[in-house]
Amino acid sequence: MRKHWSVLLAGGVLAGSALGLPGTAVAATATSPGGPTVTGWPTGCEYEKHRHGARARCAKSNGGHYRANVTCARMDGGGTVYREAVKWVSGGEWSAVFCPPMTQYLSAGITTKST
């Protein structure tokens, strides 16, 4: 019976390390002089069709990042393809992504994150 308890204890330790233990996280914020606390999400964002894909940009990054995304229709009738630009950008730069070959542009969009 002693062997069963050691196996149970070892399994509990492994499960705890695999699932993660509760911890703390600190969110990045900035305070404007005399104003409210501002979180790091981009603002003033726009996106549009660009050639055979899409492009996007945000006027202010506020410490966050963004990238363009596009939805394309397969010409063989096999549904849609969703793609995002590989690189996260900030600070007013254009982010661009294109539809793969044998697809048609359907819609453009933007993905944002606060870090």
Side-chain angles (χ1 to χ4, degrees):
M1 187 64 151
R2 187 166 181 82
K3 189 174 188 179
H4 293 287
W5 285 109
S6 62
V7 171
L8 181 62
L9 179 62
V13 170
L14 287 174
S17 65
L19 298 175
L21 299 173
T24 60
V26 178
T29 59
T31 306
S32 318
T37 300
V38 179
T39 58
W41 289 96
T43 56
C45 300
E46 62 179 313
Y47 55 87
E48 63 190 22
K49 180 179 195 249
H50 179 67
R51 297 183 186 156
H52 188 60
R55 67 181 185 172
R57 73 175 170 183
C58 296
K60 288 188 165 188
S61 67
N62 299 318
H65 294 82
Y66 56 90
R67 63 184 175 186
N69 63 56
V70 66
T71 303
C72 313
R74 291 178 46 160
M75 291 181 179
D76 64 2
T80 59
V81 176
Y82 175 81
R83 296 184 79 184
E84 290 185 334
V86 174
K87 182 181 173 189
W88 289 96
V89 295
S90 63
E93 295 177 63
W94 281 104
S95 171
V97 63
F98 299 96
C99 291
M102 302 301 294
T103 62
Q104 296 180 48
Y105 167 87
L106 284 179
S107 65
I110 188 168
T111 305
T112 61
K113 67 177 184 175
S114 64
T115 57

Problem set entry | Pairing residues for Arg83 by the side chain to side chain donor-acceptor pair (under 3.5 Å) criterion, not counting sequence neighbours | none
Taking only distance into account, with no hydrogens and no angle test, what donor-acceptor pairs under 3.5 Å do side-chain atoms of residues 92-107 form with protein atoms, sequence neighbours excluded?
from, atom 1, to, atom 2, distance (Å)
Ser95, OG, Ala68, N, 2.9
Thr103, OG1, Pro100, O, 2.5
Tyr105, OH, Ala108, N, 3.2

Exercise. Around atom NZ of Lys113, are there more than 12 heavy atoms of other residues, nucleotides or ligands at under 6.0 Å?
Worked result: yes
For this session: State, to 0.1 Å, how close Thr112 and Cys45 come at their nearest heavy-atom pair, and which atoms those are.
Result: CG2-SG, 4.5 Å
For this session: Report the hydrophobic cluster partners of Tyr47, with the cluster defined as I, L, V, M, F, W, Y residues connected by side-chain heavy atoms closer than 4.5 angstrom, directly or transitively.
Result: Tyr66, Val89, Ile110
For this session: Might you point out which heavy atoms bring Trp88 and Thr111 nearest each other, and give the distance in Å?
Result: CZ3-O, 3.6 Å
Counting only pairs under 3.5 Å, give me each side-chain donor-acceptor contact of residues 74-81, with atom names and distances, residues two or more places apart or in other chains.
from, atom 1, to, atom 2, distance (Å)
Arg74, NE, Asp76, OD1, 3.1
Arg74, NH2, Asp76, OD1, 3.4
Arg74, NH2, Asp76, OD2, 2.6
Asp76, OD1, Gly78, N, 2.9

Problem set entry | For Arg67, salt bridge (charged side-chain N to carboxylate O under 4.0 Å, His left out) partners two or more places apart | Glu84
